[in-house]
There are 2 protein chains.
Amino acid sequence: MTLSEKFRRGDLMSAACPSREVLKHMTSRWGVLVLIALEGDSYRFSQLRRAIGGVSERMLAQTLQWLEADGLVLRTAYDVVPPHVEYRLTPLGVEAAERVRLLADWIETNLPRIAENWRGSVE
Amino acid sequence: MTLSEKFRRGDLMSAACPSREVLKHMTSRWGVLVLIALEGDSYRFSQLRRAIGGVSERMLAQTLQWLEADGLVLRTAYDVVPPHVEYRLTPLGVEAAERVRLLADWIETNLPRIAENWRGSVE
DNA sequence: ACAGGCTGCTTACCAATCGTAAGTACGCAC
DNA sequence: GTGCGTACTTACGATTGGTAAGCAGCCTGT
């Protein structure tokens, strides 16, 4: 098996595999939240920023650019003033967002079970 | 609804919610790969390091400590020389790893579709 | 009329994080 | 007795991330 054959389908355990980059974008601190937010609806930049608590404009812009470059998010700019830009998921992005949301949902519902382990120093 | 009621079940869109920390640990660059590796088998430290291409000892140790503190990974140290430490998933960790693997599998199998978007500058 | 706000970014700067390399303690093989 | 293997920790430099300010032009308020 040649290297290119090995990487046609990704191999995350190999340091050199490009799938590592995709993983990095999708599981980045804000990438996860962007995908989940956009799963429900399309958003404008500032709207998305308000929906996701705590993102800086800088990081939101960067995250959206990553996801756009990976073909998960579609950016549509209307040339008006004030600027109007819409972000929505591509079909590929919808599939990705589903998986990410499953993970996020699990964390949200199981937070109590996880948090039990934090009480170590108390008691 | 009080703040504590709001956070008994996590709310990832709120900047102050502790679920953000868990998300950070599970979706960290190495956290994902650790969970997936440990899903199949228990591993010793160095063994895990070799299995996951490209991790430094420093980051592997830190990642394992995060996951241990969240109750996803169980660390068992045998007091022998040379040191022998085993890492395995807890039942909670198994559930988490399943979700993470679904995401990873999707990336690996859909890498070709994603990579198509990178050919923008070529051609 | 004219200051200030809103839009979607980008840039400059500083702090936190991460990776690399080395140190540690101890036993065993050569 | 030199060197390897184990599981880490620590020091330091490089990369990344967050904060704040800038930009360009219309709309609102006074």
Side-chain angles (χ1 to χ4, degrees), chain A residues 12-17 20-35 37-38 41-70 73-89, chain B residues 12-17 20-34 37-38 41-70 73-88:
Chain A
L12 280 170
M13 292 303 172
S14 293
C17 182
R20 284 271 176 101
E21 274 302 298
V22 181
L23 182 73
K24 183 175 161 184
H25 300 159
M26 285 179 59
T27 65
S28 69
R29 179 163 181 197
W30 307 115
V32 174
L33 302 176
V34 165
L35 287 171
L38 289 180
D41 216 336
S42 71
Y43 278 84
R44 300 180 57 168
F45 186 88
S46 298
Q47 209 178 2
L48 194 52
R49 178 160 140 72
R50 283 186 295 265
I52 301 175
V55 220
S56 64
E57 298 190 348
R58 184 187 185 278
M59 289 315 296
L60 182 58
Q62 187 170 99
T63 302
L64 286 168
Q65 284 163 10
W66 284 338
L67 298 177
E68 195 195 350
D70 291 345
V73 162
L74 185 70
R75 178 183 183 273
T76 315
Y78 302 95
D79 194 8
V80 294
V81 157
H84 185 142
V85 181
E86 277 207 10
Y87 292 93
R88 76 185 64 232
L89 293 181
Chain B
L12 280 170
M13 291 304 172
S14 293
C17 182
R20 284 270 176 101
E21 273 302 297
V22 181
L23 182 73
K24 182 175 159 184
H25 300 160
M26 284 179 59
T27 65
S28 68
R29 177 162 183 199
W30 307 115
V32 173
L33 302 176
V34 165
L38 289 180
D41 217 336
S42 71
Y43 278 84
R44 300 179 60 167
F45 186 87
S46 298
Q47 208 179 2
L48 195 52
R49 179 160 139 72
R50 282 187 294 266
I52 300 175
V55 219
S56 65
E57 297 190 351
R58 185 188 185 276
M59 290 314 296
L60 182 58
Q62 187 172 96
T63 302
L64 286 168
Q65 285 163 9
W66 283 339
L67 297 177
E68 195 194 351
D70 291 346
V73 162
L74 185 70
R75 177 183 184 275
T76 315
Y78 302 95
D79 195 7
V80 294
V81 157
H84 185 141
V85 181
E86 279 208 8
Y87 292 95
R88 75 184 65 232

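Residue numbers begin at 1 in each chain, while the letters A, B, ... track the order of the sequences. Keep in mind the model is a prediction, meaning the values are calculated, not measured.
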Inset, instruction - Encode nucleotides 11-20 of chain D as B, S and - characters from 5' to 3', where the letter depends on protein heavy atoms closer than 4.0 Å: B to the base, S only to sugar-phosphate, - to neither. - result: B-----BBB-
Inset, instruction - Apply side-chain contact (heavy atoms from CB on, under 4.5 Å) to Leu74(B) and list each qualifying residue two or more places apart in sequence or on a separate chain. - result: Thr76(B), Arg88(B), Thr90(B)
Legend entry - Atom-to-atom span, OH of Tyr43(A) to P of dT7(C) - whole angstrom: 15 Å
Legend entry - Set of side-chain contact (heavy atoms from CB on, under 4.5 Å) partners for Ser46(B), sequence neighbours left out: Arg50(B)
Legend entry - Where protein sits on nucleotides 25-30 of chain C, one letter per nucleotide: B base, S sugar-phosphate only, - none, heavy atoms under 4.0 Å: -BS---
Legend entry - For Arg75(B), all residues meeting side chain to side chain donor-acceptor pair (under 3.5 Å), sequence neighbours excluded: Tyr87(B)
Inset, instruction - Please work out if Tyr78(B) contacts a base, only the sugar-phosphate, or nothing of the nucleic acid, heavy-atom cut-off 4.0 Å. - result: nothing
Legend entry - Separation of dA24(D) C1' from Asp79(A) CG (nearest whole Å): 12 Å
Inset, instruction - Look up atom CG in Leu23(A) and atom CG in Leu33(B), then write down how far apart they are to the nearest 0.5 Å. - result: 6.0 Å
Inset, instruction - Starting from P on dA7(D), measure out to NE2 on His84(B) and report it in whole angstrom. - result: 7 Å
Inset, instruction - Quickly work out the Tyr87(A) OH to dT7(C) P distance and round it to whole Å. - result: 14 Å
Legend entry - Spacing between Arg49(B) atom CZ and dT6(D) atom P, to the nearest angstrom: 11 Å
Inset, instruction - Report the distance from atom OG1 of Thr63(A) to atom CG of Leu67(A), rounding to the nearest 0.5 Å. - result: 6.5 Å
Inset, instruction - Go through the structure and list residues passing ring-ring contact (aromatic ring centres under 6.0 Å, His included) with Trp66(B), not counting sequence neighbours. - result: His25(B)
Legend entry - Arg75(A) CZ to dG8(C) C1', straight-line distance once rounded to whole Å: 8 Å
Legend entry - Working for side-chain contact (heavy atoms from CB on, under 4.5 Å), residues Leu38(B) and Tyr43(B): CA-CA 7 Å; Leu38(B) 289 180; Tyr43(B) 278 84; 3.8 Å; yes
Inset, instruction - Taking only the side-chain nitrogens and oxygens of Gln65(A), find out if one of them lies under 4.0 Å from OP1 or OP2 of dT10(C). - result: yes
Inset, instruction - Drop me the distance from Asp70(B)'s CG to Gln65(B)'s CD, to the nearest 0.5 angstrom. - result: 12.0 Å
Inset, instruction - Spell out, as yes or no, whether a donor-acceptor pair under 3.5 Å connects the side chain of Ser28(A) to the backbone of Gly31(A). - result: yes
